[in-house]
Amino acid sequence: MERRLAMSRIRNIGIAAHIDAGKTTLSEAMLFLSGRKHRFGAVDAGEATLDWMPQERERGITITAAATTLPWKGHAINLIDTPGHVDFTAEVERALRVVDGMIALFCAVGGVEAQSEAIWRQAERYGVPRLAFVNKMDRVGADFFGVLEEMRRDLGANPVPLVLPIGAEDGFRGLIDLLTLEAILLEEGEHGAEPPRLPIPAELRRDAEAARERLLEAVAEADDRFLELFLAGEASPEELRAALRRATLAGKIVPVFAGSAAQLKGVRRLLDAVVELLPSPADLPAVRGTWAGQPVARAPSPEEPLSALIFKIQADRHVGKVYFVRVYSGVLRSGASVLHAGRGEVQRVGHLFRVHADERLPVEELGAGEVGALVGLEEAHTGDTLCDPAAPILLEAMEFPAPVLDLAVSPARRTDADRLSRALAALAAEDPTLALRADPETGELVVSGMGELHLEIVVDRLRREFGVEVVAGAPQVAYRETPLRAGEFEHKHVKQTGGRGQYAHLLFRVEPAAPGTGLEFESRVVGGRVPKEYIPAVRKGLAEAMAQGPLGFPVVDLKFILLDGSYHEVDSSEQAFRTCAAQALREALAKLGTLLLEPVMRVEAAVPEASVGAVVGDLAARRGKLLALEQKGSSAVVVARVPLAELFGYATTLRSLTSGRGSFTLRFERYEPVPEALVPKVAKRAPVYSG
């Protein structure tokens, strides 16, 4: 059995950025320089190791978070490469939940872009320490200091450069290391070889010393221990490195590096920084959870009881579901019995693996701080906890955004109906932002996702991976309904058809609830007038009725208060109360009326200055509200809030308005009421209400 590496020598990191900033190229450069692979794979040529899906290689984009482990100077770096496209934001969310540190990648030309900001906020929410790497310093328009300023302004970050680029664009030829005050002349080394460290050229010496002084001041401001040494003139290089690490781990500064991943320039210095400045699992505080309503903590140690989180599920036609796990404490062993905390069931672990993209390398155990995969569980979902049955803990679950786009799919051949259902169920188990439902009127399966590309990939995977040809309709906006006002009602369900009948009686109040609430249920029944064993049935009936409101769309953000009711000793049953609740809510919503809601997106379009007027006018015609107009280099960035229903085909329109030079990103922001004049038109496209 292989020797387990000390926790202090493990680094669990993610790479995240806006699309096209070069995340996968940087990952490939790291794999090549570490000796993990012997050839540098070009992303554009479909050679990238971590872009292993056919859909990724064809499109040149990352779709699913891919994991690997690479060695660096006696350390093991568990690396997760995440997608930059907003349709796959769930992949970033779950990666950030389990990594200990992150490399935030910025294009030296594009700077801080829409998805960069979204990912930064996610990392802040999880308290993940970050390094920044300004990539593509060899591109025309590269501006290292401009990116630093955008990080301060747009992200509220405290970026502290640890290197200065020597030149830019075609003249980018090296870095000045501000910790050692040496020049790293990148073009002097062979392709991928360790470059020489030389004295700083005389013409750059003054700038380097000034930048070094700013570095010392920034660290002194962030670390009180170093401040005392700095003021006393006793700050040694070792003390500076230690203080840098403390300030980085505390999130007080963001060390910034620079280079060109495609040219393998500056990547070695970044890898050094990963092991020097980002945390090991041993540096982390105890992971916290609950059990039986009480707080529970587990220190990051293999000596503690087991606690592990399933952060990703992958469907595999040969072995079934593969569960990716992060072990926080204890040791997860192949063949061991573990408690599935959310279900309260003891299950047996099958085989364990370390993961390298789509390769799985069998291992006997995974210790605290390690990331790997397992097979053999009966049933589990993303965000579930596995733990020692003798020492239960339930870790905090993961939250994902709700899907905003619907697509009706049906099998091209009737005989494939069951295969289609199974395939979609497997994909939905793998992807928490993918939702499935059957249309009660047409019998079609409706797949809901985060955007057009997301749904396009789903259909392509059905065909390639599961061998199911499907007929897909046009994507439809995922409209929702919510109660228009509050009201109190009474409903009695009585059915007598010979033998035992059905009886249920409810008095209740329906109110609009806060956005994002879903169903809020409260029972004020006293004296057992509605027996407690029937209350769950009432909730089930409400959920059934909320699947389709009066206008034909799912109902959200509703509060149901059960005030009173009655039951019959013989004729009352769970089924009777379930039916009564569903009928009661449908009638109540029909009388109260519902407000139709539509998903509204944040659009950020980068366009030439000459096209700004046309782009703004087009967005206004799409019911858009202009939020900001910013200057970024030679382009303008138009920021607007636009209903998703008005954005189908927008990519083609933008290309036309900007002569092919414009680009844009979409991000779901919130649901808003549909203008009253448009409600009849939208409702006409919904399934007929059958209440």
Side-chain angles (χ1 to χ4, degrees), residues 11 13 15 17 21-23 25-36 40 70-75 77 79 101-108 129-139 142 144-145 147-148 151 159-168 172-201 204 207-208 211-212 214-216 218-219 237-238 240-245 247-248 253-279:
R11 298 291 183 271
I13 68 165
I15 300 180
K23 294 178 304 304
T25 301
L26 178 59
S27 301
E28 290 296 309
M30 288 178 161
L31 288 169
F32 176 71
L33 293 175
S34 69
R36 186 67 178 80
F40 183 36
L70 56 95
W72 190 255
K73 297 186 176 178
H75 293 72
I77 300 175
L79 173 67
M102 184 181 97
I103 298 171
L105 193 64
F106 300 97
C107 172
R130 279 144 281 174
L131 306 178
F133 185 72
V134 180
N135 192 27
K136 303 187 180 182
M137 282 300 303
D138 54 339
R139 291 287 180 91
F144 178 74
F145 296 102
V147 176
L148 294 179
M151 289 178 67
V160 177
L162 267 64
V163 299
L164 284 184
I166 300 175
F172 176 59
R173 58 193 181 91
L175 301 169
I176 294 172
D177 189 329
L178 295 178
L179 288 182
T180 61
L181 280 179
E182 295 173 310
I184 307 172
L185 296 180
L186 300 171
E187 80 277 12
E188 296 295 326
E190 293 182 14
H191 187 66
E194 180 84 52
R197 286 177 172 258
L198 305 167
I200 297 171
L204 299 175
D207 288 344
R212 160 83 174 196
R214 289 193 296 272
L215 166 63
L216 294 172
V219 176
E238 293 73 22
L240 174 58
R241 289 178 189 275
L244 261 171
R245 191 167 200 272
T248 303
I253 66 170
V254 179
V256 183
F257 300 86
S260 168
Q263 298 296 323
L264 298 173
K265 293 181 177 180
V267 180
R268 284 182 176 276
R269 183 66 191 90
L270 181 64
L271 280 165
D272 288 342
V274 167
V275 300
E276 291 169 4
L277 301 177
L278 289 180

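Nothing fancy with the numbering, it's 1 onward along the sequence. The shown structure was predicted, so the numbers you read here are calculated from the model rather than taken from an experiment.
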Residues in salt bridge (charged side-chain N to carboxylate O under 4.0 Å, His left out) contact with Asp207, at least two apart in sequence or another chain:
none
Could I get the full list of salt bridge (charged side-chain N to carboxylate O under 4.0 Å, His left out) partners for Arg197, not counting sequence neighbours?
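With neighbours one apart ignored, the set is Asp177, Glu182.
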Please test Val256 against Val160 for side chain to side chain contact (heavy atoms under 4.5 Å, CB included), starting from the C-alpha separation and ending with a verdict.
CA-CA 6 Å; Val256 183; Val160 177; 5.9 Å; no
Might you work through the side chain to side chain contact (heavy atoms under 4.5 Å, CB included) test for Phe133 and Ile15, ending with a clear yes or no?
CA-CA 10 Å; Phe133 185 72; Ile15 300 180; over 6 Å; no
Carefully, step by step, assess Leu198 and Ile184 under the rule side chain to side chain contact (heavy atoms under 4.5 Å, CB included).
CA-CA 6 Å; Leu198 305 167; Ile184 307 172; over 6 Å; no
Tell me every residue that passes side-chain contact (heavy atoms from CB on, under 4.5 Å) with Ala108, counting only those two or more places apart in sequence or in another chain.
Val134, Met137, Ala142
With sequence neighbours left out, what residues match Ala243 under side-chain contact (heavy atoms from CB on, under 4.5 Å)?
Val219, Asp223, Phe226, Arg246
Kindly determine whether Glu276 and Lys73 satisfy salt bridge (Lys or Arg N to Asp or Glu O under 4.0 Å), including the steps that lead there.
CA-CA 11 Å; Glu276 291 169 4; Lys73 297 186 176 178; over 6 Å; no
Exactly one of Val267, Asn135, Leu270 clears side chain to side chain contact (heavy atoms under 4.5 Å, CB included) with Phe257, and that residue is Leu270
Of all residues at least two apart in sequence or in a different chain, which pass the side chain to side chain donor-acceptor pair (under 3.5 Å) check with Arg245?
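Here the qualifying residues are Asp283.
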Counterpart residues, side chain to side chain donor-acceptor pair (under 3.5 Å), relative to Thr248 (two or more places apart):
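Here no residue qualifies.
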Before you tell me yes or no, could you show the steps for Val163 and Leu178 under side chain to side chain contact (heavy atoms under 4.5 Å, CB included), namely the whole-Å CA-CA distance, both residues' side-chain angles and the distance that decides it to 0.1 Å?
CA-CA 5 Å; Val163 299; Leu178 295 178; 5.7 Å; no
